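What follows is a short report on a single structure.
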Amino acid sequence: MEQKGWHILSTREVLDSLQSGTEGLTNAEAERRLVQNGPNKLEEGKRKTLFSIFLTQFADLMIWVLIAAAAISGVLGEWVDSAIIAVVILLNAILGTIQESKAEAALEALKQMAAPTARVLRDGAVAKVAAADLVVGDVVLLEAGDSIPADLRLIESASLKVEESALTGESVPVEKISDSLDDPEAALGDRLNMTHMGTNVTYGRGSGVVIATGMNTQMGAIAGQLASTRKEITPLQRKLNQISNVISVGVICIAAVIFGIGLLGGREPLEMFLTAVSLAVAAIPEGMVAVVTIVLAMGMSRMAGRGAIIRRLPAVETLGSTQVICSDKTGTLTQNRMTVKKIWSEDTELLCDAMGHCNDSKLDENNKPLGDPTETALIDYILKEQHWSAEEVRLRKRMGEIPFDSERKLSTVAVEHPSGEGMRIFVKGAPDVLLNRCVQEHRSGGGAVPLDAERRLEIEKVNEEMAKQALRVLAFAYKDAPAADFTDAGAVESQLTFCGLAGMIDPSRPEAREAIDVCRHAGILPVMITGDHKITAVAIAEDLGILSDGRKALLGAELEKMSEEDLDRQVDRIGVYARVAPEHKTRIVAAWQKRGQVVAMTGDGVNDAPALKAADIGVGMGITGTDVSKGASDMVLTDDNFATIVTAVKEGRRIFNNIHKTVRFLLSCNAGEVLAILTATMAGWHLLAPIHILWINLVTDAFPALALGVEPAEKDIMDRKPRDSKLPFFTGRDWRSIVIVGAAEAILTLAAYVLGGKGIVGTTMAFLTLSLAQLFACIGFQSERHSIFSIKVKEHPMLWLAFFGSAMLQIMVMIIPPVRNLFGLVPLDAVQWLTILGLCLVMLGFIEVQKWIARLRHSN
Ligand code: ATP
């Protein structure tokens with residue numbers, strides 16, 4: 001069917017022409033259509049093949065210089081050099097390919113995990129399916145916060161509002177209807193009975209039938225612009241790229257100097273040229289950024305395994321320096337398993353009617369209520385206490401509604417009046433809000449009396465008593481009216497008759513208590529933000545230990561009255577914000593950020609998106625979160641659990657530490673190589689041949705660096721203060737230490753050469769010392785603070801594997817005669833081997849002493 005026509009047809013005509021109905025499709029039919037028409041997905045840019053990744057490894061100037069060097073050596077008849085350089089180039093490219101494809105695979109897997117879902121009617125029942133599985137004819141249910149998963153013609157709209165800026169550029173939400181329109185030529189933005197893929201529901205509820213999927217949607221028509229998915233580079237990667245570039249220039253200059261000095265010293269030009277090129281290749285930290293990328297990607301997969309899905313790579317880095325975690329209460333700090341514990345009313349039957357009617361949850365085939373826990377708890381109660389039967393719940397019919405939103409903190413449903421004439425409007429919501437809308441109170445026996453000030457106080461007392469027991473309290477009211485305009489919430493939700501309270505318990509999560517304790521040790525401030533009553537919130541915060549440091553609780557209304565300066569001043573003294581509206585969250589984030597703090601903020605509702613975006617780490621909820629809030633967040637929790645945020649912070653700290661160690665290690669090795677060759681050339685010594693340098697670089701750069709990158713977290717990682725995010729990646733002290741360790745490596749290497757008699761034995765000893773000293777250094781770098789005697793050997797399998805594996809490779813060069821000859825080395829005697837071992841131990845000892853001095857300084 002011509003796309004243009006859908007909006008002028010009636011819903012019946014649309015459903016008929018799509019061979020669907022208000023009950024949706026059957027599973028079998030949906031499956032058939034999926035096979036026939038393909039998944040509901042926009043085409044993405046092509047994935048890189050392994051071969052194309054391999055080819056990109058050659059997009060590096062130094063590799064081409066090396067290839068040229070191999071060619072020149074070949075032409076001049078230096079076959080061995082030429083072959084070994086070729087092997088090194090190839091191995092380098094293969095290693096690079098493996099690393100990069102692993103990182104890509106990890107990122108791809110994560111994308112799958114974050115795939116959107118939709119609620120549809122299949123076989124007449126509500127089912128949650130992957131958005132990719134939607135087919136034309138499916139009936140999709142919509143509510144505030146949903147992303148529209150395909151192009152829909154609306155069947156039902158209860159105050160449904162949709163924000164369509166992605167398509168029309170218009171950011172003010174549009175009110176949607178389900179009636180057919182007259183103008184066949186209506187522009188996209190004017191087709192009020194249609195919604196399109198990629199736009200978001202900001203308010204209300206509704207349903208619609210899918211009229212187009214995938215590339216046939218309006219979004220698909222403009223998807224060409226989106227097809228090439230841009231790769232995001234993190235601030236850390238950018239910083240390392242810069243460091244790497246500066247070092248590259250430095251190394252090339254030094255290599256040129258070495259070339260010059262060698263020539264002046266009467267050395268053979270080709271030998272000096274190859275030495276200079278090999279050194280440049282070895283010392284340019286081109287592998288550094290690759291190692292960091294793979295460490296970040298692997299860290300992301302690990303976090304996903306622990307329930308935190310990272311949506312933006314930079315978040316991995318920022319997480320580690322989180323200083324404040326602002327968390328919602330319900331579901332994140334508590335279990336979101338509500339049970340009604342107490343009701344308070346003069347007329348239980350009427351209260352139960354309010355609970356049952358003013359309620360969005362539906363029963364499944366086992367009569368278990370499905371939906372929001374606050375609402376299911378109410379249905380559970382009236383079923384369990386036998387005020388209502390399951391049949392009555394199923395047969396509910398409403399004449400009008402105003403959906404709940406966390407700004408109003410009320411929800412309203414109108415049903416037919418028991419007398420059969422007019423309607424009865426039930427309203428439920430936060431007691432403090434609802435009581436203000438009530439003018440009367442319902443009394444047993446059916447009468448209603450005016451609500452005087454004294455009685456109001458009495459009800460508030462009852463509410464507070466319940467709240468003190470950590471109960472979440474809802475109030476209920478009603479009014480009878482012949483008709484009502486449900487677009488005017490202010491008018492409908494006023495002049496009400498109060499009919500009772502219900503208090504429900506939502507136990508705190510035991511693991512949240514532990515996690516808050518961990519935060520305390522880790523210098524991270526937990527803050528509770530909730531729409532709930534202050535007394536309830538404080539009772540739970542105290543139970544969890546959030547207020548144990550003497551901070552206080554603040555009301556949203558009080559926050560409203562505070563000036564920006566006041567909030568900035570007091571923000572560190574407030575541990576709980578109660579009865580807040582979502583926009584308050586943005587102010588709280590801003591106040592902390594002005595203090596230079598890194599803030600994580602959770603959110604689940606559609607109105608939380610701005611705060612999630614403003615926070616350094618926006619944390620979305622995988623279970624209860626809306627699509628919009630997930631889309632705005634940097635990290636999504638699969639279990640909605642506060643403890644998972646803390647675990648992710650720990651992971652973030654581990655990853656940052658490991659990257660720091662890895663880069664320090666790599667740069668120290670490079671510094672050692674450069675300093676050794678530079679000094680030797682100046683002294684006129686034939687220290688190492690070009691192939692030695694290339695080989696050492698290959699052996700030490702790859703495995704040990706990766707092993708450091710995947711080290712487990714250090715034991716005390718959550719007993720340290722958060723890293724100051726304003727500090728540079730490398731401080732002056734780090735740079736000094738890199739140069740010092742490099743100098744030590746160089747001195748030991750030169751010492752080995754001299755002890756070996758400066759001839760071929762010297763070169764052999766220097767070759768082994770430089771490479772093995774780097775491996776020993778790697779062991780020392782395992783912790784930047786603690787001594788190697790404090791580590792448990794069995795907890796670092798990768799490190800030992802890399803150490804022994806690389807050492808074996810090195811030793812194999814020595815013990816396999818043909819290889820040894822190829823490298824131009826000679827066998828050594830026991831004393832010479834012991835000398836090398838001694839020099840390597842000096843290296844390790846040197847690093848340990850450095851750490852020991854740092855520890856002394858630290859404790860002073
Ligand atoms: P948090 O912000 O920690 O998730 P919350 O779930 O209490 O806490 P909101 O969902 O904004 O926050 O709810 C605010 C208040 O609105 C609640 O304390 C309750 O009194 C009332 N409320 C919550 N759900 C409903 C609902 N479905 N219908 C009517 N009122 C509700």
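When a ligand or atom number is given, it counts from 1 through the structure's own listing order. Just so you know, these numbers come straight off a predicted model, no measurement behind them. Sequence positions, counted from 1, serve as the residue numbers for this chain.
- With hydrogens and angles left out, the side-chain atoms of E164 and T199 include no donor and acceptor closer than 3.5 Å.
- Backbone and side-chain nitrogen or oxygen atoms of T374 are examined, and none is located within less than 3.5 angstrom of a nitrogen or oxygen of ligand 1.
- For ligand 1, the atoms lying closer than 4.0 Å to a non-hydrogen atom of G429 are 29 (C), 30 (N).
- Of all the atoms in ligand 1, the ones that sit under 4.0 Å from a non-hydrogen atom of R472 are 5 (P), 6 (O), 7 (O), 17 (C), 23 (C), 24 (N).
- Of all atoms in ligand 1, numbered sequentially from 1 with element shown, those under 4.0 Å from a heavy atom of L474 are 19 (C), 20 (O), 21 (C), 22 (N), 30 (N), 31 (C).
- At least one side-chain heavy atom of I379 sits under 4.5 Å from a side-chain heavy atom of N359.
- Summarising the geometry, atom OG1 belonging to T644 is positioned 5.5 Å from atom CG belonging to L637; distances are rounded to the nearest 0.5 Å.
- Taking only nitrogen or oxygen atoms, main chain and side chain alike, H533 does not reach within less than 3.5 Å of ligand 1.
- The shortest separation from a heavy atom of I529 to ligand 1 is under 4.0 Å, placing the residue in contact.
- Of the protein's non-hydrogen atoms, K329 N, 2.7 Å is the one closest to atom 3 (O) of ligand 1.
- On a distance-only criterion, R579 and ligand 1 share at least one N/O pair closer than 3.5 Å.
- For the pair K594 (side chain) and V589 (backbone), a donor-acceptor distance under 3.5 Å is absent.
- Interface of E375 with ligand 1, defined as ligand atoms under 4.0 Å from a residue heavy atom, comprises 26 (C), 27 (N), 28 (N).
- Remark: R443 does not engage D347 in a salt bridge, criterion side-chain N to carboxylate O under 4.0 Å.
- Y478 and H442 form a side-chain donor-acceptor contact under 3.5 Å, judged by distance and modelled atom types alone.
- Of the listed options F404, Y577, F476, F404 places a heavy atom closest to atom 10 (O) of ligand 1.
- In terms of protein heavy-atom proximity, atom 4 (O) of ligand 1 is closest to T330 CB, 3.4 Å.
- When the options P431, A430, G531 are ranked by their closest heavy atom to atom 12 (O) of ligand 1, first place goes to G531.
- Residues S548 and R520 have side chains that bring a donor and an acceptor to within less than 3.5 angstrom of each other.
- With no hydrogens or angles considered, no side-chain donor-acceptor pair links S157 and K176 at under 3.5 Å.
- Under a 4.0 Å criterion applied to the non-hydrogen atoms of S406, ligand 1 contributes the atoms 11 (O).
- Proximity of a side-chain donor or acceptor of R595 to a complementary backbone N or O of Q597 within less than 3.5 Å is not detected.
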